[in-house]
Amino acid sequence: MTFPGSASLSTVADTQEEHVAPQLLRVQNFNVSSDGIGAGEDQSLERPFGHVDPGKLFAWAGATASWPMRTDSGGSRGLDDYLTRDYPRNIGAEIMGRNKFGPQRGPWSDHEWRGWWGDEPPFHTPVFVMTHHKRPSFTLSDTTFHFVDGDPAAILEQAKEAAQGKDVRLGGGVTTIRQFLDADLVDTLHVTVSPVKLGTGLRLWDSPDDLLDRFHLDVVPSPSGVTHHLFWRK
């Protein structure tokens, strides 16, 4: 039965289907210094971020109550905690560069290497590792790593299919994010700027203003001393 002036249930359902939210490519909780550097030089097994001390960039997140590696019941609440807690929300797949996965270069000499994260990677989704040197996929816990070669648009399509309607996280590192920005594929970015100057390393930007031709920007200072830069596509 349809009441006068009201839509039928089938019409409402059709309208909902027409307004399904698009899948987004999201950069989340990416950390840079005040001079735009997100990673150091000379990465190695012992130093995943090269000469940069990651503690100087990530301390804000590690101090929160929602930090996934926290082993006690403490931690801060507020803005930093909210953004840390938001990290896995509606994420169905991740794309990362090979240097985020591990320190090896060139053809894979050691297939026993399965990433920095041990037997319980923190992703809980399919992960697409960009590399010119493919290797077989493998699964650790609820994370499957796929090693893919191709341009950013093609790899994003693979990740979106695997995400099954959810968003895709662009995990980094700096070079990978720049590739997807240059291809105009990124929909939202959350970049946390720490109040330290590093001088040398892999630079995400010279200034956040570099992205304002394509993105809106809100800049939100945190009591922890970092500043959160929230970009969304115009």
Exercise for the section: Evaluate side-chain contact (heavy atoms from CB on, under 4.5 Å) for Phe123 paired with Met96, printing each intermediate quantity in order. Expected result: CA-CA 11 Å; Phe123 307 106; Met96 67 173 64; 3.6 Å; yes
Handout entry: Distance-only donor-acceptor check, side chains Asp218 and Trp232, under 3.5 Å
Key = no
Problem - NZ or CZ of Arg114 within 45° of Phe138 ring axis and under 6.0 Å - result: yes
Practice task
Determine, for Trp108 and Arg98, whether the Lys NZ or Arg CZ falls below 6.0 Å from the six-membered ring centre while staying within 45 degrees of the axis.
Solution key: yes
Residues which pass side chain to side chain donor-acceptor pair (under 3.5 Å) with [X], listed by chain and number, not counting sequence neighbours:
{"X": "Arg70", "result": "Asp72"}
{"X": "Arg178", "result": "Asp182"}
{"X": "Thr143", "result": "none"}
{"X": "Lys160", "result": "none"}

Handout entry: Mutual orientation of the aromatic rings belonging to Phe231 and His229 [parallel < 30°, tilted 30-60°, perpendicular > 60°]
Key = parallel
Nearest 0.5 Å, please: how far is [atom2] in [Y] from [atom1] in [X]?
{"X": "Leu198", "Y": "Arg203", "atom1": "CG", "atom2": "CZ", "value": "9.0 Å"}
{"X": "Thr64", "Y": "Leu83", "atom1": "OG1", "atom2": "CG", "value": "9.5 Å"}
{"X": "Phe147", "Y": "Ser137", "atom1": "CZ", "atom2": "OG", "value": "7.0 Å"}
{"X": "Leu185", "Y": "Gln179", "atom1": "CG", "atom2": "CD", "value": "10.5 Å"}
{"X": "Asp167", "Y": "Arg89", "atom1": "CG", "atom2": "CZ", "value": "7.5 Å"}

Handout entry: Heavy-atom closest pair, residues Leu217 and Pro208
Key = CD2-CB, 4.3 Å
Side-chain ion pair, [X] and [Y], N-O less than 4.0 Å:
{"X": "Lys56", "Y": "Asp53", "answer": "no"}
{"X": "Asp184", "Y": "Arg233", "answer": "yes"}
{"X": "Asp35", "Y": "Lys197", "answer": "no"}
{"X": "Lys100", "Y": "Glu94", "answer": "yes"}

Could you check whether any side-chain heavy atom of [X] comes within less than 4.5 Å of a side-chain heavy atom of [Y], counting everything from C-beta outward?
{"X": "Ile155", "Y": "Ile95", "result": "yes"}
{"X": "Thr176", "Y": "Leu170", "result": "yes"}
{"X": "Trp116", "Y": "Phe101", "result": "no"}
{"X": "Trp60", "Y": "Asn31", "result": "yes"}
{"X": "Leu230", "Y": "Val220", "result": "yes"}
{"X": "Leu181", "Y": "Leu189", "result": "yes"}
{"X": "Arg105", "Y": "Asn99", "result": "yes"}
{"X": "Val168", "Y": "Ile91", "result": "no"}

Completion exercise
Hits for salt bridge (charged side-chain N to carboxylate O under 4.0 Å, His left out) against Lys166, two or more places apart or cross-chain, chain-then-number order -> none
Backbone N or O of [Y] within a donor-acceptor pair of the [X] side chain at under 3.5 Å?
{"X": "Ser141", "Y": "Glu120", "value": "no"}
{"X": "Asp142", "Y": "Leu140", "value": "no"}
{"X": "Ser222", "Y": "Ser224", "value": "yes"}

With sequence neighbours left out, write down each residue that passes side chain to side chain contact (heavy atoms under 4.5 Å, CB included) with [X], or none if nothing qualifies.
{"X": "Asp209", "result": "Ser207, Leu212"}
{"X": "Arg77", "result": "Ala65, Ser66, Asp81, Arg85"}
{"X": "Asp151", "result": "Ala153, Ala154"}
{"X": "Pro54", "result": "Phe49, Phe58"}

Completion exercise
Contacts satisfying ring pair (Phe, Tyr, Trp, His ring centres under 6.0 Å) that involve residues 62-97 (not counting sequence neighbours) are none
Practice task
Kindly state each residue pair satisfying ring pair (Phe, Tyr, Trp, His ring centres under 6.0 Å) with at least one member in residues 163-197, sequence neighbours excluded.
Solution key: His190-His228
Problem - Audit row: His146, Val127, side-chain contact (heavy atoms from CB on, under 4.5 Å) steps and yes/no - result: CA-CA 6 Å; His146 304 285; Val127 174; over 6 Å; no
Fill in the blank from the handout: Applied to residues 130-139, the salt bridge (Lys or Arg N to Asp or Glu O under 4.0 Å) test, sequence neighbours excluded, yields none
Practice task
Look at atom NE2 of His132 and say whether more than 12 heavy atoms of other residues, nucleotides or ligands are closer to it than 6.0 Å.
Solution key: no
